Amino acid sequence: QPAQTILSHRNWTFSTEFSPDGARLATCGGDGVTRMWNARDGSLLWEKASDGTDPAAPRAKPLVRTRMLRWLSSEVFLLGQADGLLRFCNAADGSPIETISAAKGEIYGLAVSRDGSRIATVASDKALRVWNARTRSLEWETDDLDFFARGVAFSPDGTRLYSGGVAGGVIVWDVQTHARLDVLHTSSHAWSIAASPDGKRIGVGTMEAGVDIIELSTGKRIGGPSGHLRVVASVAFSPDSSLLFSGGDDGTVKVWEEVK
């Protein structure tokens with residue numbers, strides 16, 4: 001059973017992500033709203049619409065879905081949107097800083113290397129792209145995914161990328177050579193991916209209500225929690241790797257203790 005459940009969005013919770021200091025939890029969802037929470041007590045700190053305005057403000061058309069959220073630093077986070085835009089935002093209040101066109105379709109996966117030097121995206125155009133975070137320039141891309149991927153994550157040391165894009169598994173990439181090294185098998189299609197900060201495991205949110213925990217030293221699946229209605233659209237480890245947060249298509253975020 002989860003230690004806590006937060007009703008974070010009116011429909012899908014697409015992304016859950018701890019701040020670098022572990023004090024805040026940022027979430028975004030299918031309602032087009034980004035929310036910042038106190039990670040210790042679950043209280044809401046602020047919320048911002050995907051167009052940078054107050055979510056309660058009147059508007060002529062629905063908000064663009066915000067698919068992915070990742071921290072670039074303690075002061076700046078990134079939003080990957082359904083319109084292919086990558087937004088750089090102020091963590092203090094969610095206000096926009098800069099926007100770039102990052103994909104020819106909906107951004108389904110977004111990752112930042114631990115040192116903040118690289119950004120990776122996967123999108124509905126079936127491409128994996130790696131960007132220089134400082135210059136915002138494209139370093140390399142590959143469009144040989146089997147189908148569009150819905151998750152991507154860097155290893156803590158920045159030498160590996162883990163992505164969806166293959167049936168029933170996660171692809172392991174070499175960041176320097178761009179080579180496809182391996183495929184880690186999962187219980188269902190990978191929808192979201194997170195690497196534990198200690199570098200020992202990845203958590204893979206699947207289409208079948210659960211999270212697969214894969215031990216990287218062996219490449220084997222060692223179990224994982226289950227508790228959402230169906231799709232686990234986002235996963236995140238706590239900074240000490242002891243807690244796992246999962247966000248699902250039921251609009252909730254679940255907190256799992258003693259992750260094995």
Side-chain angles (χ1 to χ4, degrees), residues 12-17 28-30 50 64-72 77-88 99-114 116-133 136-155 158-186 188-195 202-207 211-212 214 231-236 246-247 249:
W12 291 48
T13 301
F14 282 127
S15 194
T16 59
E17 187 80 358
C28 64
S50 58
V64 174
R65 288 190 303 276
T66 305
R67 278 283 187 177
M68 297 301 301
L69 184 153
R70 292 292 182 263
W71 292 83
L72 185 60
F77 64 85
L78 309 176
L79 295 176
Q81 298 190 167
D83 53 8
L85 296 179
L86 182 62
R87 296 188 183 274
F88 295 72
T99 301
I100 64 173
S101 180
K104 300 172 185 176
E106 193 160 353
I107 296 175
Y108 282 129
L110 176 63
V112 176
S113 61
R114 178 177 281 185
S117 65
R118 288 188 171 98
I119 299 166
T121 60
V122 289
S124 58
D125 56 8
K126 298 198 297 184
L128 165 67
R129 297 179 175 92
V130 177
W131 308 78
N132 183 299
R136 317 295 200 240
S137 59
L138 183 65
E139 290 190 351
W140 61 275
E141 65 180 315
T142 178
D143 58 2
D144 65 348
L145 301 179
D146 296 348
F147 51 85
F148 61 83
R150 292 187 180 270
V152 64
F154 283 96
S155 62
T159 64
R160 299 288 184 267
L161 263 177
Y162 307 102
S163 82
V166 63
V170 170
I171 305 170
V172 184
W173 303 88
D174 186 298
V175 173
Q176 294 298 328
T177 67
H178 319 159
R180 186 190 291 213
L181 301 177
D182 198 3
V183 174
L184 306 175
H185 296 289
T186 56
S188 178
H189 291 320
W191 196 283
S192 54
I193 305 169
I202 61 170
V204 182
T206 73
M207 294 182 67
V211 179
D212 287 349
I214 298 176
V231 173
V232 180
S234 59
V235 287
S246 61
D249 59 356

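This is a predicted model, so every value here is computed, not measured.
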To the nearest 0.5 angstrom, please state how far the CZ atom of Arg70 sits from the OG1 atom of Thr121.
12.0 Å
For the atom pair CD (Glu106) and CD (Gln81), what is the distance rounded to the nearest 0.5 Å?
10.0 Å
CG on Leu161 to OG on Ser155, rounded to 0.5 Å
7.5 Å
Can a cation-pi geometry be assigned to Arg136 and Phe88, taking NZ or CZ under 6.0 Å from the six-membered ring centre and within 45° of the ring axis?
yes
If you compare all heavy atoms of Val152 against all heavy atoms of Ala111, which two are closest, and at what distance to 0.1 Å?
O-CB, 3.5 Å
For the OG atom of Ser192 and the CE atom of Met68, what is their distance to the nearest 0.5 Å?
7.5 Å
Can you see which heavy atom on Thr66 is nearest to which on Cys28, and at what distance?
O-SG, 3.3 Å
Rounded to the nearest 0.5 Å, how far does CD1 of Ile202 lie from CG of Asp212?
9.0 Å
Would you call Thr142 and Arg180 a side-chain contact if the rule is heavy atoms closer than 4.5 Å?
no
Close side-chain approach of Ile119 and Leu110, heavy atoms under 4.5 Å:
yes
Under a 3.5 Å distance rule, please check whether Ser124 uses its side chain to pair with a backbone N or O of Tyr108 as donor and acceptor.
no
Walk me through it: do Arg160 and Asp174 pass the test side-chain contact (heavy atoms from CB on, under 4.5 Å)?
CA-CA 5 Å; Arg160 299 288 184 267; Asp174 186 298; 3.3 Å; yes
Tell me the closest heavy-atom pair linking Ala102 and Trp131, and the distance in Å.
O-CZ2, 3.3 Å
With side chains defined as the heavy atoms from C-beta onward, is the minimum distance between Val122 and Leu128 less than 4.5 Å?
yes
Whether the side chain of Ser113 engages the backbone of Arg118 through a donor-acceptor N/O pair (distance < 3.5 Å, no angle test) should be reported.
yes
How many angstroms lie between CG in Asp143 and CG in Asp125, if you round to the nearest 0.5 Å?
8.5 Å
Check whether any side-chain heavy atom of Glu17 lies under 4.5 Å from a side-chain heavy atom of Phe77, and answer yes or no.
no
Which atom pair, heavy atoms only, marks the closest approach of Ser188 to Thr206?
CB-CB, 3.8 Å
Over all heavy atoms of both residues, which pair between Ala153 and Ala194 is shortest? Give the atoms and the distance, please.
CB-CA, 4.2 Å
Please verify the inter-ring angle class for Trp173 with Trp140; under 30° counts as parallel, over 60° as perpendicular, anything in between as tilted.
tilted
Compare every heavy atom of Leu145 with every heavy atom of Ser163, then report the nearest pair and how far apart it is.
OG-CD2, 4.3 Å
Test side chain to side chain contact (heavy atoms under 4.5 Å, CB included), reference Leu184, set Ile193, Val204, Ile214, output is Ile214
